[in-house]
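To find a chain, count down the sequence lines: A is the first, B the second, and so on, and within it residues start at 1. The shown structure was predicted, so the numbers you read here are calculated from the model rather than taken from an experiment.
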Amino acid sequence: MAQEILKSLKAALWFMFLTFPIMVIKVNTVYKTIEWRWMNMIFIGVGIFVGSFIWRWLLNRKDRPVAKKDFVPVSTRVQAYLAENPMAKRALQGVLLAALLCFPIFMDAYQINIFTVALMYIVLGLGLNIVVGLAGLLDLGYVAFYAVGAYTYALLNTTFGLSFWLVLPIGGALAAIFGILLGFPVLRLRGDYLAIVTLGFGEIIRLVLENWNDFSHGPSGIAGIDKPDFFGLELNLNQMTDAIYYMMVAFTIITIFFVGRLQNSRIGRAWLALREDEIACQAMGVGRTRTKLMAFALGATWAGLMGVVFAAKTTFINPASFTFLESAIILSIVVLGGMGSIPGVILGALIMILLPEYMRSFSEYRMIVFGGAMVLMMVFRPQGLVSNFRRKYSFHGVDERLGG
Amino acid sequence: MENILEVKGLTMDFGGLRAVDSVDLYVKPKEIVALIGPNGAGKTTFFNCVTGIYTPTKGDILVSSNNGSAVRINGFKPNRVTERGLGRTFQNIRLFPNMTVLENVMIGKHCRLSAKIFGALFRDKKTRAEELKAAQECYTILEKLGLEKACDELASNLPYGDQRKLEIARALATEPKMLLLDEPAAGMNPQETVELTHLIRRIRDTEQIAILLIEHDMKLVMNLSERIYVMDHGQKIADGTPMEIRNNPEVIKAYLGEDIDA
Amino acid sequence: MKKLLLFAVLAAMFVFAGCSQKPKEEAKPAEAPAAEAAAPAATGDVIKIGVAGAHSGDLASYGLPSVKAAEFVVKSINDKGGLLGKKVELVVVDDVCKPEVAVSSANKLVSEHVVAVLGHICSGATKAAMGTYLAAKIPVMSPSATSPELTKSGEYPNFFRTIAPDDSQARLEIDYITNVLKLKKIAIIHDKGDYGKGLAEFAKGFAEADKKLEIVLYEGITPGAVDYSAIVQKIKQSGAEAVLYGGYHPEAAKIVTLLAKKKMNVKFVSDDGVKDDTFIKVAGQYAEGVYATGPKDVSKNPLAIEATKKHKDAYGEDPGAFYLNAYTAMLAITNAIEKAGSTDYDKLTNALRTEDVETPIGKIKFDEKGDAIGAEFSVYQVKNGVYVEVQ
Amino acid sequence: MDYFLELFLGGLTRGSIYALIALGYTMVYGIVQLINFAHGEIYMIGAFTALIIASVLTILGLNSIAILVIATAAAIVYSSAYGYTVEKIAYKPLRNAPRLSPLISAIGMSIFLQNYVLLAQTSDFLPFPRLIPEFAFMEPVSHIFSSAELVIVSTTMIVMVLLTLFIKFTNIGKAMRATAQDKTMALLIGIDVDRVISVTFIIGSSLAALGGVLIANHIGQINFYIGFIAGIKAFTAAVLGGIGSIPGAVLGALILGWTESFATGYVSSDYEDVFAFALLVLILIFRPAGLLGKAETKKV
Amino acid sequence: MLEISNINAFYGNIQALHNVSINIKQGEIITLIGANGAGKTTTLMSISGIVNPKSGEIRFNGEVISGKKPDKIVQMGLAHVPEGRHIFPYLTVMENLDLGAYLRKDKENVKKDLEHVFDLFPRLRERKNQQGGTLSGGEQQMLAISRALMARPKMLLLDEPSLGLAPLIVKQIFDIIKRINQEDGTTIFLVEQNANLALKVAHRGYVMENGHITLEDDAQKLLVNEEVKKAYLGI
């Protein structure tokens, strides 16, 4: 115990030293005054002293050998239970759906709006999950495709007056084309190089949007984009918020449905295999180029679709919405939730979007907590919140299962 | 072409190093052929050239196509080679560890299936039927190899010997005309090796496919193969029946070493 | 243990969700007396005014002063008994100057039933949010969104601002260069941002229309870049006699410093984003002689003196950017409510357009489009370390 | 010709700064195969520490050379301490985690550190005191190449040489190379790999701090956000040169600096970053391992 | 000298070693034979501290070393030549050897040992300025052994030194192994798949199967043991 205290004491002293210039001294270079904030040092010292115990305790827990040989994580057990009990699964789906549908009745426009945003990020996360989680291609420029979709709608709508529903597929398709264009040259690159090239690509798209005034209206952006129309109905603000919310619910369900199917299809298997072992996968007859491009294109499609929705929802877009941080957030959703896992991505998106949003009360501390939480999450649960769960086949009742 | 695989003057250079030096080899349908030689002789490199993982520096690799004509497959990507009917396993097991056993085998089936994105998304009748058929065929393959009980296990959870078998199952799922096995018995204990010998022979007999294998276990090689090629330092130094090889002084000197009497 | 962790995260989420459903607590202004805050004010007893802008992130220094300004105004009103017999309450939301966040923020303000909004700070965020406010019939007054489109397009009848739009600034700069400095060749540089590039575009348009100035260089720089010497060389190469810069002071300071270090004798004319004391502090001796346009000098305006003093007393330093504009906006809004005798949208906007109000930037009211009549720009020059009005 | 020379020198200065930061990226990557996204923030913290210490000393009235030395030393000490601590907290527990986890952790760390400085100090740009004196002998050429630029370029060059010698000849330098090439073997010959990794972070962070002080002095102002762009650029430079390779990082940084400088000078600064990234994409397409990177041989 | 008692080691959830116990006396050559994947390498990794056994104890010269960091174990005089040689490919032969003596402070003796190593393997002297990665397989194995010797170990752990080498080279290397044992008195723990070869140089041998030690005997006896013959010599 004494040793533990000593360790914490050391940690506290170290951090007091570490944070000394930045936390304690505040210089006003104009009036040439120095403010000494010694209280901060005490806070840090006490905070770290206590935090250090918790940190070590958590680390120990994590490293402790698993006692039972057949230990199965909770999330996997839940998933397995649901897979084996279709009734329970249906029931859970029903409850969730009902909750989603009833949500606007109990909540105000602000809450609905926040939830709509969260749903959008779920869809974006699921889209990126195809590229990163399933196919194992680290993409740091995902937001570029989002931008492609958004600008497609913004430009087509403001110049030609094309409607939301018409542009939606166009935006998706255009993003897919961009996905393939990016995919081609970078296929040969491995992990980290792929990451930096996609990051560069994302930046290039944003910079072009910023600089090419004649095309994109530059940094001042495009305003006055039409909201989506719903069967020509005249909707007031609240109704519109609800309508977009329901549209996003539908969108999310369709996406979950499609991504789920993709995952358990011939193509989905090929992605997983490619992620696991590229060479073996090729040797088993899977075309690498084709499969990777397909992942890029499909991932981009969802980003493009969401881009269109984004432009229609905010009615104004400018390049500032498509920065690297945005890509990083979407990527974090995927990794935090658990790569390749649909429930994981959903949970990840809810946490990443709702947490900072509801933390708005702490306004200025929001981002620091966000950053810190990302680190802590990775340190204590690097595989993500939800473990990937593979579908099982039963060959006695093979017909019903596969047919379903 | 009457041979299922014909390799002529295959040469592979890595930088200045010549790993394979004008090797000739052929395999007839339904034949079991072994490729042996000391470690570092270039056997695996030879395999990798044939299966498209490396593009050989020189030489021809010919595969007989369905209508009997020969197709030169040099520089084909591995998946195209597989489509041509060459299935393979790896020296150091390369399964997809986080996929189930059945899924591993179904990857082998990949190139024989046709479902596209549309099919995946909407799961139409044709796709469903295809998936069902594929899953059942894969299951049948697993049954043949005695792995059907483990079909929902993750590949990484299988015992070592079963992982080796799973690699073979996966290669079989590509519906090959010829199977290339890279040290299938490596790491197996004697009983397992005996079982493997039977298994390989059974596969040849029931599936009617040719087998080319690299192996160190001389007992297995001598038992199983109809013809043997011997490589050393990138060159082919001998070929013939097991009997011939066993008595070839060149082989004994190069491969077994002079004072190693194992 | 994994279950525990998961549970903790979820629990944390719900706690936060719970917090946010009690917005009254978070929204009360810091200065409000404790007794008031404790009183459970029903919606009918208070008048809520929204304050929106960037309060965190890299643009926070443009948004936070407006919150402080709003707090001072509200405090003095409440001290005098409030508006129309009710207390005034602020609802502060942070939009980080991002359009998508601005929409959420606007939604939040609408659901809080604010009667008017002070904000947003950035033009982009403002444009994104305006639709929501328009649909909810809430007047919005920005202290800093200068995009001409906001007023000139006529799309936002509920928009007002206490700062002049970019085009008038650009006009003034071009005229000053042409007529007062009597130069012929200019380089127009901008920071690729919404504000800077917008202004540069206008300046370019005016110069081309006038045909009196030759634009020898028109380019954007990347804010935050490690070094600007290449662009400075290029200015030198272009033979420009003056640089017209559209953007904010950090980059301007870097360029001015480099121009001086390279011993180049060019005039530097910039905008309101540079007419900031920080610029002089940062650029030091090199700031000397720089021209910048900015709102008319109000240093003698008693209200401005009072507003500045309040800030100094409370925080011990000079107020930041757009502080006076925000102060003005808050006065204008509260005055309009008072004069209209109601918080009804039509009456309120009408009052804004018809009733004069004394503010730190002078006596103003708003024109049909929402621009403040009386908020004008003049040209300043740095002399002996301070901005001095030269025109 | 003069114009060309000026752009060349400008690019050299810029490239030198990138190089100082890129070295940290490349060294860390070489040893732990991790893109240390928080490295840009370490650079920023270095600059801030120098600013704070220098301001305090200015107010206390020390002479400028003493201030320069003390502030730089403080920046290096603190940046190293931050680099060391960041590694211990955010990366070390993740040594055996899936590949993407440390990357996310690094992004989180970067956001955390930015906001830490923002909250503890300010979001405003702060004027950085001019510490590097104007040398009299530079006077004739100061219009194209200032004293500060001379200091930047020469410091970078000296540091580069010292670092190369350090890596090549010292025991710990050899241990670093050994660890980079084969971590298991390094352990087996008795190298304390954890310590080597710490040393790598410390050296990388010191260089970044030096870069931070130099550039802050040159540009004259800093805020909490300066690390982000510099970090991305330096990382691009490291990849361009072949990540993991020390001469590669320097080469990549200089090429990047010149590309940006010449692109601005001869084309347009509107697309300066587009050129930089396009160059990166092109080089990686034709040389997937970067200019001086070692192509990985596929082993089957 | 080295006592391994009842260690259990895991990779993830898979148990690689089950109650493994091995005893090695000073000056011996002990061999551990077994098929690929039997757990031989894991045993060595546990000794040198790369793998942490979950239970059991390893003592070296009476001192518990399980749970210690690898560098501490090397410092105590245990040198490990891993399977696959693990030469630092971009370092020269000299640098590789220098690193072998990384923990040593006695610079003078290091120089002497360098000469000793070059005497054992004259080929390395010829190639001392060449990069490790450009050496042939046999030379790399020589370098790997020499590098370990540079630590002046009391005990040498050798993992599959014959792997992938031509018979002639293997013979050379095994001769040197014997010399090191006889002339320098270094205790040697040899892990081999080539049982025949290993048992000929060793004093005693252990047989490992699926993570269990199944046999332990004098090498000569093991050589003629029918079980071993059948299982591992493929006869």
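The neighbour count for E:Arg125 CZ, taken as heavy atoms of other residues, nucleotides or ligands under 6.0 Å away, is above 12. Few gaps surround CZ on E:Phe118; more than 12 heavy atoms of other groups in view lie less than 6.0 Å from it. Other residues, nucleotides and ligands contribute at most 12 non-hydrogen atoms within 6.0 Å of the NZ atom of D:Lys92.
In this structure the side chain of E:Phe88 never reaches within 4.5 angstrom of the side chain of D:Arg177, judged on heavy atoms. Inter-residue side-chain proximity for E:Lys69 and D:Asp192 is flagged as met; some heavy-atom pair is nearer than 4.5 Å. Between E:Leu157 and D:Leu188, every side-chain heavy-atom pair lies at or beyond the 4.5 Å cut-off. Between E:Pro82 and D:Thr184, every side-chain heavy-atom pair lies at or beyond the 4.5 Å cut-off.
Chain D forms the most heavy-atom pairs under 4.5 Å with one residue out of E:Leu99, E:Ile87, E:Ile73, E:Leu78, and that residue is E:Leu99. Taking chain D as the reference chain and counting heavy-atom pairs below 4.5 Å, the highest number among E:Ala151, E:Pro89, E:Gly100 is found for E:Pro89. The residue among E:Met150, E:His80, E:Met45 with the most heavy atom pairs within less than 4.5 Å of chain D is E:His80.
Of the two parts of D:Ala180, neither the backbone nor the side chain holds a non-hydrogen atom closer than 4.5 Å to a non-hydrogen atom of chain E. When heavy atoms are compared at a cutoff of 4.5 Å, D:Lys168 approaches chain E by way of both its backbone and its side chain. In this structure, no portion of E:Asn96 lies under 4.5 Å from any heavy atom of chain D. Only the side chain of E:Ile50 comes within contact range of chain D, with at least one heavy atom under 4.5 Å from a heavy atom of that chain.
To the nearest 0.5 Å, atom CG of residue D:Leu187 and atom CG of residue E:Asp71 are 8.0 Å apart. In this structure, the separation between OH on E:Tyr90 and CG on D:Asp182 is 11.5 Å, given to the nearest 0.5 Å.
Closest heavy-atom contact between E:Tyr102 and D:Ile172: OH-CD1, 4.2 Å.
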